Amino acid sequence: MLTINKIAELIDAEVIGDGDVQVKRIAHPRCLEKGDMTFAFDEETARLIEETDAVCLLTTIDVGKYKKPVLKVKDMKAAATMIYNLLLKIVEPKKGNIHPTAAIEEDVILGKNVGVGANAFIGKGTEVGDNTNIEAGCVLKYKVKIGKGCYINANVTLYEYTEIHDNVIIHSGTSIGADGFGYITKDGEIYKVPQMGRVVIKNNVEIGANTCIDRGTFDTTVIGKNTKIDNFVQIAHNVNIGENVFIAAQTGIAGSASVGNNVMMGGQSGISNHISVAANKKLAAKTGVIRNIKESDPETFFGYPSRDAREAMKQLGFLSWLNKHSKKIMKMVKNLPE
Amino acid sequence: MLTINKIAELIDAEVIGDGDVQVKRIAHPRCLEKGDMTFAFDEETARLIEETDAVCLLTTIDVGKYKKPVLKVKDMKAAATMIYNLLLKIVEPKKGNIHPTAAIEEDVILGKNVGVGANAFIGKGTEVGDNTNIEAGCVLKYKVKIGKGCYINANVTLYEYTEIHDNVIIHSGTSIGADGFGYITKDGEIYKVPQMGRVVIKNNVEIGANTCIDRGTFDTTVIGKNTKIDNFVQIAHNVNIGENVFIAAQTGIAGSASVGNNVMMGGQSGISNHISVAANKKLAAKTGVIRNIKESDPETFFGYPSRDAREAMKQLGFLSWLNKHSKKIMKMVKNLPE
Amino acid sequence: MLTINKIAELIDAEVIGDGDVQVKRIAHPRCLEKGDMTFAFDEETARLIEETDAVCLLTTIDVGKYKKPVLKVKDMKAAATMIYNLLLKIVEPKKGNIHPTAAIEEDVILGKNVGVGANAFIGKGTEVGDNTNIEAGCVLKYKVKIGKGCYINANVTLYEYTEIHDNVIIHSGTSIGADGFGYITKDGEIYKVPQMGRVVIKNNVEIGANTCIDRGTFDTTVIGKNTKIDNFVQIAHNVNIGENVFIAAQTGIAGSASVGNNVMMGGQSGISNHISVAANKKLAAKTGVIRNIKESDPETFFGYPSRDAREAMKQLGFLSWLNKHSKKIMKMVKNLPE
């Protein structure tokens with residue numbers, strides 16, 4: 001546990017009251033457990049919190065005389081984030097339970113303190129590391145490997161041979177390792193390309209709800225460490241995503257594409273198959289990339305087909321300007337010689 | 001139950017035959033139960049229905065001599081809709097069952113006539129109102145609150161503290177309450193912003209299949225009453241959706257955006273984070289809104305970045321016209337002085 | 001089983017070593033079972049495979065002296081695909097098991113050799129054909145019909161009356177048969193249109209992960225034979241998809257639209273409601289179709305609203321050219337008479 005004084009020192013905040021109180025977690029006033037710090041943006045909520053079991057109030061306002069210790073900060077989001085991450089490193093994880101309705105097959109190796117939820121299924125030859133939680137309704141087909149400290153939310157499906165490293169969070173309804181979309185048409189017949197590879201997800205990745213990552217065809221679909229993926233993201237077979245990449249919701253990355261480190265993809269954007277996007281680039285929302293983006297290209301791309309965002313904006317602006325003068329222009333053009 | 005005469009009175013239809021027959025439900029000829037009315041668009045189907053257990057035929061055609069009472073209407077969709085909604089108010093809900101394989105934890109309060117499907121999980125401290133049905137494979141994490149007369153289809157995940165009011169329908173595979181997509185990058189490190197709020201869904205909302213609504217960061221993501229949400233809709237953290245809003249499939253609403261009452265969003269449209277759209281506006285399919293839309297703005301927006309739909313169409317039309325005369329224009333421009 | 005010689009004959013490959021060895025399956029070196037052929041793109045992997053139980057190596061390189069029979073081919077993807085499909089026809093399916101935690105209701109008819117996974121639910125009156133596999137966590141509501149040789153991956157939901165023909169593959173998290181998005185607004189009230197139809201999926205269809213196909217309103221949503229559908233595809237109520245259609249990820253087809261045979265739809269494309277697209281057309285990624293595409297129209301469409309892809313590209317190119325000369329053009333336009 002961490003004292004309020006220690007937190008104040010680490011995040012630059014003002015302590016009012018007893019700074020030796022220890023904090024276990026930061027939580028909404030609605031769902032307090034013993035040892036929780038909670039937060040208020042306004043006087044009224046702060047007053048209500050005085051009567052709860054919270055050990056400390058985090059706030060941006062001046063609450064005057066207060067029954068509990070107060071940690072006053074300027075930026076609530078930044079403060080709550082730093083406190084949350086500090087406590088993650090220090091507070092012991094909750095003890096995991098294996099729900100009696102979970103179906104766990106033979107040759108499964110569960111680490112210490114693993115939680116398995118109701119009606120989850122863990123297939124043959126699967127390995128799960130210490131302090132990992134697998135919630136209700138999850139299906140791990142077989143020979144899945146999950147590292148330490150992961151949290152797999154409800155109703156997630158992990159296909160066989162999926163490999164997930166440490167401290168990975170996956171939200172509900174996500175499918176990892178399904179067959180990619182590959183067919184060969186020959187003489188009018190359609191043949192399914194066998195999808196024999198797998199998916200590897202590196203440390204500290206977070207994956208949103210109802211997202212899909214398909215297995216590789218011959219090799220591996222890879223998500224690099226620290227990469228964050230939102231809801232409804234489509235990552236096709238053989239894709240290679242670098243480290244520290246942010247992919248907003250409803251984005252699609254087609255087969256065998258690659259995305260460099262630190263790339264940021266806006267919502268509903270897309271990358272065509274076999275295309276590579278160099279490190280540190282930004283794609284605006286709804287952008288569609290159909291040509292490689294190299295290191296020497298501009299930083300931000302926009303539109304479909306994607307182009308330098310500034311150039312794209314100028315083009316759209318100029319079209320709007322031309323249209324404002326359309327009558328004059330049409331009259332003039334009609335009089336031009338062929 | 002409702003008699004055919006009563007229905008005819010309420011929806012303006014013609015009764016042929018015994019109008020005192022009582023109707024319990026409207027259903028496809030393929031799946032008739034006792035007391036069902038069914039429908040036919042053509043003579044052949046009407047003849048086949050004569051031999052079924054249907055109590056009455058709803059039709060738009062003249063079927064001549066008929067073994068059963070007939071309710072003749074002009075607009076089948078409108079008629080079936082009004083009948084369906086009339087019967088919903090009058091017919092007693094089916095008695096709910098708790099499937100023996102459902103895992104229900106302690107401190108769960110189930111109302112009268114609640115159904116819980118096979119292998120569903122209902123976590124600690126959850127409350128479910130009368131006549132609500134929770135289908136097979138659903139996961140309600142803990143302290144979820146669901147009102148009366150709701151229907152939660154199979155394999156839905158509701159995160160902790162999700163609050164659902166009365167007469168809400170949620171289709172299969174939907175995830176409600178997952179963490180929003182929030183990170184702070186500082187000195188090259190990525191920190192997860194804790195998502196401590198929840199989701200509140202008001203009365204009479206319908207939510208499609210495989211949709212996602214994320215919990216608020218500090219506060220609440222709200223879906224206003226009577227709002228209808230299609231499949232694959234992404235509603236990010238802290239979003240506020242008004243009443244009577246229609247959101248078509250694959251639309252995305254980014255974090256902290258707000259949508260006024262009666263707004264209609266076409267398929268694959270999007271709203272950027274922190275953007276507000278005033279009441280009664282319409283967004284065409286694939287539109288992307290990146291600036292606030294105020295009450296004084298035009299009614300319909302189109303394109304990305306979104307603009308007045310009429311203006312956008314004129315611009316596209318003018319570009320097409322210019323391109324038709326591109327040779328002449330290029331020659332002329334080349335001769336212009338710098 | 002098939003000998004290597006026989007395979008070589010059928011796919012035009014070179015056999016090195018004993019061609020009478022029999023092959024049962026093609027698989028990644030990581031997951032070999034008895035009788036498997038495996039593959040290598042490089043010398044190092046080929047050497048490692050010498051020490052495995054693989055019965056044969058499929059490769060594109062020259063491996064020199066080799067402990068096992070080698071099948072040398074020019075195009076690995078094509079070869080693996082043909083071998084995979086040949087073996088599918090010949091090798092006996094694995095024997096199915098009914099997991100003891102599966103909940104199977106009364107009046108369910110399971111064919112020979114049907115597999116039902118852990119915590120799956122199969123509702124009343126459902127029929128499942130021979131050699132079909134239904135994985136863990138699937139929910140088949142009631143009166144579902146599934147043909148022979150189908151593979152329904154984990155956590156799929158099939159609503160009542162869904163009909164699936166033979167050799168259909170459905171990936172995890174997909175919802176089939178949910179209510180379409182239909183409402184009638186009258187005098188300020190919103191009424192749900194009852195969705196009483198169903199979904200029919202013909203032979204040899206493959207459907208990706210987390211996809212949705214909604215039931216018809218009065219009639220049937222149909223997916224024609226051999227059609228292939230990727231992840232996150234939205235197929236709304238009453239849609240009719242032809243044969244041999246390819247639909248890439250995150251595409252949406254709105255209510256009552258129809259798509260002809262052999263159409264190819266790129267990722268994130270869309271078709272508006274009640275629109276028809278003629279056979280053999282191609283839609284580029286992100287294209288949005290809002291007018292019927294007829295047989296006499298060009299082959300490939302692009303953009304939103306969609307237009308002939310060549311014309312669309314020319315328009316975009318011309319806008320870019322005009323913008324390059326914007327200064328000159330603006331000066332000239334300003335001097336034009338009104």
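Each chain gets a letter, A, B and so on, in the order its sequence line appears, and its residues count up from 1. As the structure is a prediction and not an experimental result, all values here were calculated from the model.
- Contacts of C:A120 with chain B are made by backbone atoms alone, with heavy-atom separations under 4.5 Å and no side-chain atom involved.
- Heavy atoms of B:L86 lying under 4.5 Å from chain C are absent altogether.
- Among C:H325, C:E189, C:R198, the residue with the largest count of heavy-atom pairs under 4.5 Å with chain B is C:R198.
- Residues of residues 73-80 of chain B lying within less than 4.5 angstrom of chain C, judged on heavy atoms, are B:M76, B:K77, B:A78, B:A80 in numerical order.
- Chain B forms more heavy-atom pairs under 4.5 Å with one residue of C:D219, C:T174, C:I190, C:T217 than with any other, namely C:I190.
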**Asked** For B:T38 and B:I26, what are the C-alpha separation, side-chain angles and deciding distance, and is it a side chain to side chain contact (heavy atoms under 4.5 Å, CB included)?
**Response** CA-CA 6 Å; B:T38 191; B:I26 176 164; over 6 Å; no
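- Proximity to chain B involves both the backbone and the side chain of C:K314, based on heavy atoms less than 4.5 angstrom apart.
- Between chain B and the options C:I290, C:V156, C:T251, the largest number of non-hydrogen pairs under 4.5 Å is found for C:T251.
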**Request:** For the pair C:K124 and C:D107, evaluate salt bridge (charged side-chain N to carboxylate O under 4.0 Å, His left out) and give the outcome as yes or no after the intermediate values.
**Result:** CA-CA 5 Å; C:K124 266 183 216 180; C:D107 293 329; over 6 Å; no
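- Using a 4.5 Å cut-off between heavy atoms, B:P337 contacts chain C through its backbone alone, with no side-chain atom that close.
- The most heavy-atom pairs under 4.5 Å with chain C, out of B:H99, B:H171, B:M82, B:K334, come from B:H171.
- By number of non-hydrogen pairs under 4.5 angstrom with chain C, the leading residue of B:T101, B:I169, B:V333 is B:V333.
- For C:Y304, the parts lying near chain B are the backbone and the side chain together; criterion is any non-hydrogen pair under 4.5 Å.
- Counting heavy atoms from C-beta on, the side chains of C:F318 and B:M330 come closer than 4.5 Å.
- Side-chain N/O atoms of B:N204 and B:K228 include no donor and acceptor closer than 3.5 Å.
- With hydrogens and angles disregarded, a donor-acceptor distance shorter than 3.5 Å links the side chain of B:R307 to the backbone of B:P305.
- A donor-acceptor pair under 3.5 Å links the side-chain atoms of B:D42 to the main chain of B:T45, judged by distance alone.
- Identified by a heavy-atom distance below 4.5 Å to chain B, the contributing residues of residues 269-277 of chain C are C:S269, C:G270, in residue-number order.
- For the pair C:N155 (side chain) and C:C138 (backbone), a donor-acceptor distance under 3.5 Å is absent.
- Between chain C and the options B:G303, B:P29, B:A285, B:A249, heavy-atom pairs under 4.5 Å are most frequent for B:A285.
- For a residue to count as touching a neighbouring chain, one of its non-hydrogen atoms must lie under 4.5 Å from one of that chain's; by this rule B:L322 touches chain C with backbone and side chain alike.
- Only the side chain of B:N119 comes within contact range of chain C, with heavy atoms under 4.5 Å apart.
- Contact annotation for C:Y161: only side-chain heavy atoms (C-beta onward) come within less than 4.5 Å of a heavy atom of chain B.
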Extract all donor-acceptor atom pairs below 3.5 Å that involve side chains of residues 207-215 of chain C and protein atoms in other chains or at least two apart in sequence.
| unit_1 | atom_1 | unit_2 | atom_2 | d |
| --- | --- | --- | --- | --- |
| C:N210 | OD1 | A:S175 | OG | 2.9 |
| C:N210 | ND2 | A:G173 | O | 3.0 |
| C:T211 | OG1 | C:D230 | O | 2.8 |
| C:T211 | OG1 | C:F232 | N | 3.0 |
| C:T211 | OG1 | C:V233 | N | 2.9 |
| C:D214 | OD1 | B:N231 | ND2 | 3.0 |
| C:D214 | OD2 | B:N231 | ND2 | 3.2 |
| C:R215 | NE | C:G177 | O | 2.8 |
| C:R215 | NH1 | C:Q195 | O | 3.3 |
| C:R215 | NH1 | C:G197 | O | 3.4 |
| C:R215 | NH2 | C:E160 | O | 3.3 |
| C:R215 | NH2 | C:E160 | OE2 | 3.3 |

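- Contact annotation: the side chain of B:V116 approaches that of B:I122 to within less than 4.5 Å [non-hydrogen atoms, C-beta and beyond].
- In terms of heavy-atom pairs under 4.5 Å with chain C, the best-connected choice from B:S172, B:P100, B:A248, B:A27 is B:S172.
- Summarising the geometry of B:N226 relative to B:V205, their closest heavy-atom pair is N-CG2, 4.1 Å, with the distance given to 0.1 Å.
- Using a 4.5 Å cut-off between heavy atoms, B:M313 touches chain C through its side chain atoms alone.
- Residue B:R30 places its CZ atom among more than 12 non-hydrogen atoms of other residues, nucleotides or ligands, all under 6.0 Å distant.
- Ion pair B:E33/B:K94 flagged as a salt bridge, since at least one NZ, NE, NH1 or NH2 atom sits closer than 4.0 Å to an Asp/Glu carboxylate oxygen.
- Looking at residues two or more places apart in sequence or on another chain, you find no salt bridge (Lys or Arg N to Asp or Glu O under 4.0 Å) involving B:K324.
- For C:K143, no part lies under 4.5 angstrom from a heavy atom of chain B.
- When heavy atoms are compared at a cutoff of 4.5 Å, B:I83 does not approach chain C at all.
- The backbone N or O of C:V199 lies less than 3.5 Å from no partner atom in the side chain of C:T221, so there is not a single donor-acceptor pair.
- Contact record, B:G117 with B:A102: O-CB, 3.5 Å, taken as the closest heavy-atom pair.
- Using modelled atom types and a 3.5 Å distance limit, the side chains of B:Q250 and C:Q234 yield no donor-acceptor pair.
- Between C:Y191 and C:Y183, the ring center distance fails the sub-6.0 Å criterion.
- For a residue to count as touching a neighbouring chain, one of its non-hydrogen atoms must lie under 4.5 Å from one of that chain's; by this rule C:A254 does not touch chain B.
- For the pair B:M265 and B:V263, the tightest heavy-atom approach, listed with the atom from each and the gap, is CG-CG1, 3.9 Å.
- Considering only heavy-atom pairs separated by less than 4.5 Å from chain B, the leading option among C:L316, C:L319, C:D179 is C:D179.
- Taking every heavy atom of both residues into account, B:F301 and B:S306 meet most closely at CD2-OG, 3.9 Å.
- When every heavy atom of C:Y159 is checked against every heavy atom of C:V144, the shortest pair comes out as O-CG2, 3.5 Å.
- For chain C, the nearby part of B:N85 is the side chain; its heavy atoms alone come within less than 4.5 Å.
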